[in-house]
2 protein chains.
Amino acid sequence: MGEQEKIRVLSVDDHPLLSEGIATIINSQPDMELISQASSGTEAIQRYREHQPDVTLMDLRLPDLSGIDAMIAIRTEFPEARIIMLTTFEGDVEIHRALQAGARAYLLKNMPPSEIVDVIRQVRAGKKRVPPEIAAQLAEHMGDDELTAREVEVLRKVAGGNRNRDIADLLFISEETVKVHVKHIMDKLGAKDRTQAIAIAVRRGIIEL
Amino acid sequence: MGEQEKIRVLSVDDHPLLSEGIATIINSQPDMELISQASSGTEAIQRYREHQPDVTLMDLRLPDLSGIDAMIAIRTEFPEARIIMLTTFEGDVEIHRALQAGARAYLLKNMPPSEIVDVIRQVRAGKKRVPPEIAAQLAEHMGDDELTAREVEVLRKVAGGNRNRDIADLLFISEETVKVHVKHIMDKLGAKDRTQAIAIAVRRGIIEL
DNA sequence: GTGTTCATACCACGAACGGGGTATTGAAAA
DNA sequence: TTTTCAATACCCCGTTCGTGGTATGAACAC
């Protein structure tokens, strides 16, 4: 394999320690080279424009934009961009959104380096790859209705310990409407009460605390 | 500074990527050397016995034991062991426990490497060090009563969406007693209702979801 | 243009929750 | 030994929650 055929990788992560680890792993592969790094979403977009890497490793959680937004921005400009989401586990909502938005693979930060570089090679070859444990998570809630934006908004207020009456005042709607939203939320999440709804929503990554 | 005075560091982390980053950072310091690594609690204890490092970097969350338990085991055998907890943020309960159990410092994985190596030097010199943002977290709830074991147990059932009646049956106590526990939980956490109690408890690391 | 989804709103009712108080027991600490 | 605290238990009572049903207007898709 000639030098000029090395896989050119861009890494985007705001954890310096992780970046360092990724750099070491990538550069220890004979067929890869890390051409640039970024530690924020806007920087990622700039670096992509500059280098147009073969594969981009992107953290989901970044200081400015979310990794998904950064990916969308890049893919709007470069629709063929091959981006791998690399993150600590964050519930299946974000995973689903990332794959919808065109991520070629979704990897966890605790995976062995061998698997990570393997996936980079596959993605560069045009394949997609989602590890089984994540695919299982996705399949688990495939048919589930997603919460609407309004429902998520209500859910956050619920998590704040607000009564229906208070939420109604905060959102300038009637208490009855809040009750309808809460009911729909519980139905969709399969929760027995509002408390479990919060627990489930946090696990799925629908809301953060 | 002579070669024999290098700070001998043991790193314990089950994330290979992180371990790699730590190794790179440590070994790039002229006054430090990474003498061994472990990826589990029991392995950490063995490695400590073998090498008796000057400073140990320990992840809080490990496959077998918790980082705190591993630290306690090591410090029982080697009371002067200098151990730094290095972790992604996990609520202040674990931080507090780690410092109680004798951790010399508590660092976050997203800190710049310069700060990490700096703290390693200070700890080796016998100092303790907790970064301001963490110290603030600790001070925030200093006077707070901690939840009792029973209360935490009840809290978990609450998070599962159980009614007081159900929790009573699960724990073989009366519903009235459950209500007393729930009331105490809400009082101690400063929660307006059981739902907010879950939100607060998760944020503080009292329970996981 | 018809159907679907979402957000809105109201009503009624029983179940669950949260606040107040009091009290007994056992264990741990002072 | 006395005190303190945790866990247990019971009562009363007002508030909130969750469930059922029905309905309307706007937006969007087919």
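Hydrogens, waters and symmetry mates are skipped; everything else that's a heavy atom, side chains included, is used.
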**Request:** Measure the distance from CG on A:Asn164 to C1' on C:dA9 and round it to the nearest whole Å.
**Result:** 14 Å
**Request:** Using a strict cut-off of less than 4.0 Å between a Lys/Arg side-chain nitrogen and an Asp/Glu carboxylate oxygen, indicate whether B:Lys109 and B:Asp59 qualify as a salt bridge.
**Result:** yes
**Message:** With no hydrogens and no angle check, just 3.5 Å: does a side-chain donor-acceptor pair link A:His141 and A:Arg204?
**Reply:** yes
**Contact residues, residues 148-162 of chain B to DNA chain D [heavy atom, < 4.0 Å]** = B:Thr148, B:Arg150
**Request:** Keeping to residues at least two apart or across chains, list the side-chain hydrogen bond (donor to acceptor under 3.5 Å, both in side chains) pairs with something in residues 177-187 of chain B.
**Result:** B:Ser174-B:Thr177
**Asked** Are the charged groups of B:Asp54 and B:Arg124 less than 4.0 angstrom apart, N to O?
**Response** yes
**Message:** Closer than 4.0 angstrom, basic N to acidic O: yes or no for B:Arg8 and B:Glu33?
**Reply:** no
**Item:** Proximity to DNA chain C (any heavy atom under 4.0 Å), residues of residues 193-209 of chain B only
**Value:** B:Asp193, B:Arg194
**Complete:** Quick tally for nucleotides 24-30 of chain D: nucleotides whose base has a protein heavy atom under 4.0 Å get B, sugar-phosphate-only ones S, the rest -, giving -------
**Prompt:** Are A:Ser19 and A:Asp13 close enough that a side-chain donor and a side-chain acceptor fall under 3.5 Å?
**Reply:** no
**Spacing of B:Ile167 atom CD1 relative to D:dA7 atom P, expressed in whole Å** = 15 Å
**Message:** Assess, by modelled atom type and distance only, whether the side chains of B:Asn164 and B:Arg194 contain a donor and an acceptor separated by less than 3.5 Å.
**Reply:** yes
**Request:** In whole angstrom, give the distance that lies between atom CZ of B:Phe172 and atom P of D:dA7.
**Result:** 18 Å
**Prompt:** Can you tell me if B:Asp64 and B:Thr42 form a side-chain donor-acceptor pair at under 3.5 Å?
**Reply:** yes
**Separation of atom CG in B:Asp187 from atom P in D:dA6, rounded to whole Å** = 13 Å
Under 3.5 Å, which N/O atoms of the protein pair with N/O atoms of nucleotides 23-30 of chain C?
none

**Complete:** To the nearest angstrom, the CG-C1' distance between B:Asp145 and D:dT4 comes to 13 Å
**Message:** Under 4.0 Å, heavy atom to any atom of DNA chain D: which of residues 173-183 of chain A qualify?
**Reply:** A:Lys179, A:Val182, A:Lys183
**Item:** Nearest-angstrom distance from the residue atom NZ of A:Lys192 to C1' of D:dC17
**Value:** 16 Å
